*Asks:* 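Quick one: the structure is below, and I'll ask about it shortly.
All values below were derived from every heavy atom in this structure, side-chain atoms included, with hydrogens, water molecules and symmetry-related copies excluded. This is a predicted model, so every value here is computed, not measured. Lettering of chains follows the sequences in order, A, B, ..., and the numbering in each one begins at 1.
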2 protein chains.
Amino acid sequence: MAGGARSASVVDVAAEAGVSLGTVSNVLNRPERVSDKTRFKVEQAMARLGFVRNESARQLRAGQSRLLAYVMLDVANPFFTDVAQGIDAAATEHELSLFLCNSANDAGREAAYLTHLSQQRVQGILVTPVDPYSPLLEEIVKHTPVVIVDRTRNDHRFCSAAADDVAGGRLAVEHLIDRGHTRIAYIGGPPSLGQVRERHEGALLACREAGLAEDALLHIGTDGLGFADGREAGERLIGIPAKRRPTAAFCANDLVALGLLQQVSLSGRTVPDDLAIVGFDDIDFAGAAAVPLTSVRQPRRELGRTAAEALLDEASNPDHEHRQVTFTPELVARRSTVT
Amino acid sequence: MAGGARSASVVDVAAEAGVSLGTVSNVLNRPERVSDKTRFKVEQAMARLGFVRNESARQLRAGQSRLLAYVMLDVANPFFTDVAQGIDAAATEHELSLFLCNSANDAGREAAYLTHLSQQRVQGILVTPVDPYSPLLEEIVKHTPVVIVDRTRNDHRFCSAAADDVAGGRLAVEHLIDRGHTRIAYIGGPPSLGQVRERHEGALLACREAGLAEDALLHIGTDGLGFADGREAGERLIGIPAKRRPTAAFCANDLVALGLLQQVSLSGRTVPDDLAIVGFDDIDFAGAAAVPLTSVRQPRRELGRTAAEALLDEASNPDHEHRQVTFTPELVARRSTVT
DNA sequence: CCGCCTTATTGAAAGGTTTCATTGACGTCG
DNA sequence: CGACGTCAATGAAACCTTTCAATAAGGCGG
């Protein structure tokens, strides 16, 4: 880092180059209006002084930045990084930069990021919220375009892009029932997550429609939706006496499913013979597991791209109307349920 | 978004509350110096006007932000998200926010992010660079603390935290040689990545030390270090006539190894009997694959945390000295190489 | 050779916050 | 009752850039 000297400003550059500060600014912003000779002088001066434009001052004057941000629930979950890539693609096309923020499923962190971003006057914020009905979101959307990703609010106060989690849960369990299973586990948590609740709801629906008994669906709760949670749930599942033990499991996401798969394999059991497994999200690792995982596919990149495009419309189109896009998920059957 | 009205400033709040703007600022920054009654009035006024502090102006005056950024090579690679979590932990302890930027292995994107961040006057930048010797990095480190993650420069112009990739590559191949393999593939690319080159170098070293023939190590190049690249390399590998085909593969990272594993399994072959596989990084998915993957472990979170701490020292300690921390990787043997 | 037009450059103002030296009010002590 | 000390509130200055109306210089046609 530089020693003590304050970093050079346009005024310093102007003095060094022997021109006015307006000219320096022109070199920066409208180089075509400056004669070659002058521009050269100014560029030399900038190089000598190590001038770095101050983005804060620039933005203060300009009032806006060319910046988008995505506040994601879990940066370690490939589902969200894929969504982020979709957002990134759209942002790049519009020559905007994207910052990623990891709330790590913590409402406090999420709030801090949202506040900071709105104070930073970013063009817009995409967020997969811990709680889509948080009052802070309503507060922020008054000033800054906000689009909700992977969740939907049924008032129409936000744009959103999400998959139909109820339908997805239903698909998964219908598939298991089709394959003859009548004792099925639903594995996931915490229930504070809408994703967990809705996928469960879909699972229940499928059971009901198939006329299964009330207790056909066994809910095994987990603390989170990571790998370790899946393994731990696996242990508990294996601990259940064989005659009562479910013959199939539907996991709230693929990380949990992969953890479960691993635990079951380690215990010497076979998937799908001893336990059939369905995941959710269809991340790349699902299809690539050595027992490829049946999963409910969400269009991950598409989700991100759609959300980003809605955001850009909200940010630039004066008569923008909020829209809630819902994607219908799709079952991808693989060996973890099919012999 | 709000209608047409410009968003309220401290001046507007002051007028609304019937106090001076200095008082509003005090409410914001030193609430204890303001009488309860006045503070209440001001807070009411803020709420009525929907005041949102302008971070640009604040920073312009303050000169600094409480912001760190990590420019990562590939947000879709769990290795880097784990590193990011380590950075995040350290940042959180110091009450700093962390922004993540995905360069996606593109030097142009990396440059754009680095420039933007330094103009934004962030406290510091962590970066896993496409090329650690890029002149732009040297330029930026003159003004903004920069720490290199997962790479090292051997001049001492930057702090860095990285694992010893040569040693890692050597470990991997020594392990394979120990298990009796004499025809080994090294799978990875592009060679522009230091990680790819150095792990290869380590592999060569191991071969040489074991006295294997020059052509014992077959280099199979890939375009990148993703899943798909591993699968594609798998096809090529399988295409080699059995008697010349390597009996083991060392992959430049776990994503490639998992792709390879999948392709080999799909072709009806068995790991490790038909092909032993070693990966690199030991991401969670490696141990969790149904044929658990032998891998070279890097202390991922530790790497991030160490880098972040070096950065914080550089940012706050006037007589900071650059240090290059190198971690020694460790082989984790699992079933993909051990029957 | 003058007036006009074009092109290049100028300098002041604005943008919203924080800081700090100063003022004002009020209570207390001598 | 006056001087002093404390606490609260004030408002001007500074941070750095961009914009824009105004000026200066230079070239051309008449």
Side-chain angles (χ1 to χ4, degrees), chain A residues 2 5-43 45-46 49-67 115-116 118-122 143-144, chain B residues 2 5-43 45-46 49-67 115-116 118-122 143-144:
Chain A
R6 297 209 30 64
S7 79
S9 76
V10 279
V11 177
D12 304 323
V13 173
E16 174 81 11
V19 300
S20 80
L21 102 182
T23 301
V24 177
S25 179
N26 281 334
V27 170
L28 251 20
N29 302 297
R30 298 177 214 71
E32 74 283 1
R33 292 207 195 155
V34 179
S35 72
D36 289 357
K37 202 183 58 177
T38 308
R39 189 174 20 161
F40 183 73
K41 271 197 306 187
V42 172
E43 280 162 356
M46 285 180 175
L49 270 54
F51 170 75
V52 178
R53 204 189 214 157
N54 184 322
E55 180 67 20
S56 296
R58 169 191 176 67
Q59 219 174 272
L60 173 57
R61 190 67 233 267
Q64 265 239 342
S65 65
R66 300 202 52 78
L67 208 58
T115 304
H116 189 128
S118 78
Q119 292 184 353
Q120 191 103 255
R121 306 293 200 263
V122 296
H143 324 287
T144 308
Chain B
R6 294 214 35 64
S7 79
S9 77
V10 278
V11 177
D12 303 324
V13 173
E16 174 81 11
V19 300
S20 79
L21 101 182
T23 301
V24 176
S25 179
N26 281 334
V27 170
L28 251 21
N29 302 296
R30 298 177 216 71
E32 74 283 0
R33 292 204 194 157
V34 180
S35 72
D36 288 358
K37 202 184 58 176
T38 308
R39 191 178 19 174
F40 183 73
K41 270 197 308 187
V42 172
E43 279 163 356
M46 284 179 175
L49 296 171
F51 170 75
V52 177
R53 204 190 215 156
N54 185 323
E55 179 66 20
S56 296
R58 169 190 175 68
Q59 219 175 275
L60 173 58
R61 188 66 233 262
Q64 264 238 341
S65 66
R66 299 203 53 76
L67 208 58
T115 305
H116 189 128
S118 77
Q119 293 184 353
Q120 191 103 254
R121 305 293 199 265
V122 296
H143 324 287
T144 308

*Asks:* Angle, rounded to 10°, between the helical axes spanning five pairs at each terminus of the helix from C/dC1-D/dG30 to C/dG30-D/dC1?
*Replies:*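 Result, rounded to 10 degrees: 60°.
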*Asks:* Please report the C-alpha distance between A/Lys41 and A/Thr23 in whole Å, then the side-chain angles of each, then the deciding distance to 0.1 Å, and finally whether the side-chain contact (heavy atoms from CB on, under 4.5 Å) criterion is met.
*Replies:* CA-CA 11 Å; A/Lys41 271 197 306 187; A/Thr23 301; over 6 Å; no
*Asks:* For the residue pair A/Ser65 and A/Val122, what are the closest heavy atoms and their distance?
*Replies:*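 For A/Ser65 versus A/Val122, the nearest heavy atoms are OG-CA, 3.5 Å.
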*Asks:* For the residue pair A/Gly63 and A/Arg121, what are the closest heavy atoms and their distance?
*Replies:*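 For A/Gly63 versus A/Arg121, the nearest heavy atoms are O-CB, 4.4 Å.
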*Asks:* Would the number of heavy atoms belonging to other residues, nucleotides or ligands and lying under 6.0 Å from CZ of A/Arg66 be above 12?
*Replies:*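 For A/Arg66, atom CZ is crowded (more than 12 foreign heavy atoms under 6.0 Å).
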*Asks:* In whole angstrom, what separates B/Gln59's CD from C/dT19's C1'?
*Replies:*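 About 17 Å, once rounded to whole Å.
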*Asks:* Starting from P on D/dT10, measure out to CG on B/Asn26 and report it in whole angstrom.
*Replies:*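 Atom CG in B/Asn26 sits about 10 Å away from atom P in D/dT10.
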*Asks:* Reckon A/Ser20 has a side-chain N or O less than 4.0 Å from the OP1 or OP2 of C/dT10?
*Replies:*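 Yes.
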*Asks:* Under a 4.5 Å cut-off applied to non-hydrogen side-chain atoms, are A/Leu28 and A/Val10 in contact?
*Replies:*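 Side chain of A/Leu28 against side chain of A/Val10, heavy atoms only: contact under 4.5 Å found.
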*Asks:* What are the two closest non-hydrogen atoms of B/Ala45 and B/Glu16, and how far apart are they?
*Replies:*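 Closest pair (atom of B/Ala45, atom of B/Glu16, distance): CB-CG, 3.5 Å.
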*Asks:* Does a side-chain N or O from A/Thr23 land closer than 4.0 Å to OP1 or OP2 of C/dT9, or not?
*Replies:*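 Answer no for this pair, as no side-chain N or O of A/Thr23 is under 4.0 Å from OP1 or OP2.
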*Asks:* Identify whether any heavy atom of B/Ser35 sits under 4.0 Å from a base atom; if not, whether one sits that close to sugar-phosphate; answer base, sugar-phosphate or nothing.
*Replies:*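 Counting heavy atoms under 4.0 Å across all strands, the contact made by B/Ser35 is with sugar-phosphate only.
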*Asks:* For B/Ser56 and A/Gln59, which heavy atoms make the closest approach, and how far apart are they?
*Replies:*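 It is OG-NE2, 3.0 Å.
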*Asks:* What does the list of N/O pairs under 3.5 Å between the protein and nucleotides 14-18 of chain D look like, with a distance for each?
*Replies:*
from: D/dA14; atom 1: N3; to: B/Arg61; atom 2: NH1; distance (Å): 3.4
from: D/dC16; atom 1: OP1; to: A/Arg6; atom 2: NH2; distance (Å): 2.4
from: D/dT17; atom 1: OP1; to: A/Asn54; atom 2: N; distance (Å): 3.4
from: D/dT17; atom 1: OP2; to: A/Val10; atom 2: N; distance (Å): 2.5
from: D/dT18; atom 1: OP1; to: A/Asn29; atom 2: OD1; distance (Å): 3.4
from: D/dT18; atom 1: OP1; to: A/Arg53; atom 2: NE; distance (Å): 3.2
from: D/dT18; atom 1: OP1; to: A/Arg53; atom 2: NH2; distance (Å): 3.3
from: D/dT18; atom 1: OP1; to: A/Arg58; atom 2: NH1; distance (Å): 2.8
from: D/dT18; atom 1: OP2; to: A/Asn29; atom 2: ND2; distance (Å): 3.2
from: D/dT18; atom 1: O2; to: A/Arg61; atom 2: NH1; distance (Å): 2.3

*Asks:* Checking A/Gln119 now: which residues fulfil side-chain contact (heavy atoms from CB on, under 4.5 Å) with it, not counting sequence neighbours?
*Replies:*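 For A/Gln119, the residues satisfying side-chain contact (heavy atoms from CB on, under 4.5 Å) (neighbours in sequence not counted) are A/Thr115, B/Val52, B/Arg53, B/Glu55.
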*Asks:* For the pair made of CD in A/Gln64 and P in D/dT19, what is the distance, rounded to whole Å?
*Replies:*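 About 13 Å, once rounded to whole Å.
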